[in-house]
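The next block holds one structure in the form of structure tokens; read it before the comments.
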2 protein chains.
Amino acid sequence: MSTDHTYVHGYSDSEHARLLDQASTLTDLLHWDTGYPPGSLVLEAACGVGAQTITLASRSGGATVVSIDISAGSLSTARQRVCAAGIADVVFGQADLYALPFRAESFDHVFVCFVLEHLARPREALASLRRVLKRGGTLTVIEGDHGSVYFHPESRAARRAIQCLIDLQARAGGDSLIGRSLYPLLMDAGLRDVAVSPRMVYVDASRPDLVDGFTRKTFTAMVEGVGERAIADGLIDEATWRQGIRDLYRTAETDGTFCYAFFKAVARKH
Amino acid sequence: MSTDHTYVHGYSDSEHARLLDQASTLTDLLHWDTGYPPGSLVLEAACGVGAQTITLASRSGGATVVSIDISAGSLSTARQRVCAAGIADVVFGQADLYALPFRAESFDHVFVCFVLEHLARPREALASLRRVLKRGGTLTVIEGDHGSVYFHPESRAARRAIQCLIDLQARAGGDSLIGRSLYPLLMDAGLRDVAVSPRMVYVDASRPDLVDGFTRKTFTAMVEGVGERAIADGLIDEATWRQGIRDLYRTAETDGTFCYAFFKAVARKH
């Protein structure tokens, strides 16, 4: 009886899991459930160069997206991108996340992606976002967690190289391990019905798009990018650094695997 | 167009993700897609005390499950459990995984759960299982990965305590980090169509069943269980150990979170 019931669920589950297991891009994994209903007013806070704006707007047909950022240069790039994609329902504005130029309860929904990890005061940022959100509206937060990384073959040098990235982000006032703590952060900021959904990226040779697009060109490239500074700052010696980067690329070979987790949280203002 | 299409998927996806995100037991997470069709003959290798046997058999109505283990004592417990659950279609037999007393290509499917991590020669075990599997049949492997653990608040002492568990399992010839390497292991053993699906357990205070059932009573209890040996073997000092265990329990408080990943692989014999 209960077995049959579970089994029936099993079939639709299987279809979904197949989709998630086979998600070949980060967009599939993070945004299959992103989207707001027609007529709603959505704030995208700290849109940067608009990396998520097109996805957000194109998955929210009929909604109006207000995308703000503190940098005029980033906004200009974002505007061009969105325009080139032929999307009309996005309004851009220059604004500080900590001092939003909107009245309380202006937005039906708020969306923040890869922002809190760079902030020195994420709690304050969330309070600011909560203020402009209508009661009953949702706040969606997506963040990574660099402490969620593991791979095969294991490598101490690769771990040390990754730690440089974590340490440099911490010195800059950020927290690259923030994904795992979204639940307490949002509760602490007065949000309710906090539902956190981990989005684990698992990469092996059967997923060549992710091997190239995630292991090599996203994660390893990101670590590689801080090399000069990490060595200059004395966080690591050059030989260990080089070995670490080689070992990260090694996980992209046909017998390697790579794991990382993003966290997506949706919370409500009561 | 493609947006609409994706959006439609979004609804069924959302139902599934809700189920997975809210999976309150390990059984839901690991076994929602476990099950074999009526009439099939399934080998459960190294069933131990039958922890997975009832789930496997009750999700495979009309199939015959042959559950083997090397220990007569474990088999006796497993037999009693399955009998008490009123399940008829399980045949038990004492056998060595490395020297299975079955002809080649005897089974439609093979199922192994939490076994390889304890073996000194997992490749050889897989070759042995592959031999008794029919061409076209599937081999399912489920394993944990103790290196997939992270939590909030972070704690160096807790990490050191977990490392003791990993080191002790390695000294006993096992590999508690095996989950991440199922793909190369199965490919290496000559299996094909290897599809690995990570099953991430994410625990926060909104999931009290998992806080108690997983963070406290499964993972932390398992680490706690090797304390005496870890201290006696000089892997850790007693003060650090105690702090580590305290910090693991700390992650089960209302502002804590806990993450772990299992890996489920399904492969085919060509």
Side-chain angles (χ1 to χ4, degrees), chain A residues 2-4 6-7 9-22 28 31-35 58-61 145 147-148 150-154 177-185 187-188 193-202 204-206 253-259 261 263, chain B residues 2-4 6-7 9-22 27-28 31-35 58-59 61 145 147-148 150-154 177-185 187-188 193-202 204-207 254-259 261 263:
Chain A
S2 81
T3 303
D4 280 359
T6 318
Y7 203 58
H9 269 306
Y11 284 112
S12 70
D13 284 5
S14 134
E15 176 57 14
H16 172 80
R18 197 186 57 75
L19 290 172
L20 268 197
D21 281 351
Q22 297 185 354
D28 293 344
H31 294 302
W32 62 264
D33 55 349
T34 295
S58 64
R59 299 186 70 96
S60 308
D145 190 318
S148 71
Y150 49 101
F151 38 77
H152 175 79
E154 190 48 270
L177 312 180
I178 203 168
R180 73 188 73 173
S181 56
L182 289 185
Y183 181 85
L185 261 175
M187 288 295 284
D188 211 37
D193 307 334
V194 181
V196 175
S197 163
R199 305 284 160 110
M200 184 172 160
V201 186
Y202 163 76
D204 63 34
S206 72
E253 304 278 307
T254 52
D255 62 346
T257 65
F258 194 89
C259 301
F263 290 81
Chain B
S2 81
T3 303
D4 280 358
T6 320
Y7 204 56
H9 270 305
Y11 283 112
S12 70
D13 285 5
S14 133
E15 175 57 14
H16 172 82
R18 197 188 56 76
L19 289 172
L20 267 198
D21 281 350
Q22 296 186 354
T27 306
D28 294 343
H31 295 302
W32 62 264
D33 55 349
T34 295
S58 64
R59 299 186 71 97
D145 190 318
S148 72
Y150 48 100
F151 38 77
H152 175 79
E154 191 45 91
L177 312 180
I178 203 166
R180 74 189 72 173
S181 55
L182 289 185
Y183 181 85
L185 261 175
M187 288 295 284
D188 211 37
D193 306 335
V194 180
V196 175
S197 163
R199 304 285 161 108
M200 184 171 159
V201 187
Y202 162 76
D204 64 33
S206 72
R207 303 161 204 232
T254 53
D255 62 346
T257 64
F258 193 90
C259 301
F263 292 79

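A note on names: the letters A, B, ... follow the listed sequences, proteins ahead of strands, and every chain is numbered from 1. The structure displayed is predicted, hence computed values, not measured ones.
- Only the side chain of B:D145 has a heavy atom closer than 4.5 Å to any heavy atom of chain A.
- Residues B:R207 and A:V196 come closest through the heavy atom pair NH2-O, 2.5 Å.
- With chain B as the partner, the residue from A:A195, A:S206, A:G256 showing the most heavy-atom pairs under 4.5 Å is A:S206.
- By the ring pair (Phe, Tyr, Trp, His ring centres under 6.0 Å) test, A:Y150 pairs with no residue at all, sequence neighbours left out.
- Ranked by heavy-atom pairs under 4.5 Å with chain B, the list A:P153, A:S181, A:A261 is led by A:S181.
- The distance from the CE atom of B:M200 to the SG atom of A:C259 is 10.5 Å, given to the nearest 0.5 Å.
- Here B:D204 contributes atom CG and A:M187 contributes atom CE; the two are 9.0 Å apart, rounded to the nearest 0.5 Å.
- Annotation for B:Y202 and A:P198: closest pair CB-CG, 3.6 Å, computed over non-hydrogen atoms.
- Across every non-hydrogen atom of A:P184 and B:T257, the tightest pair is CD-CG2, 3.9 Å.
- Checked against salt bridge (Lys or Arg N to Asp or Glu O under 4.0 Å), A:E253 has no partners two or more places apart in sequence or in another chain.
- At a 4.5 Å heavy-atom cutoff, the contact between B:F151 and chain A is made by backbone atoms alone.
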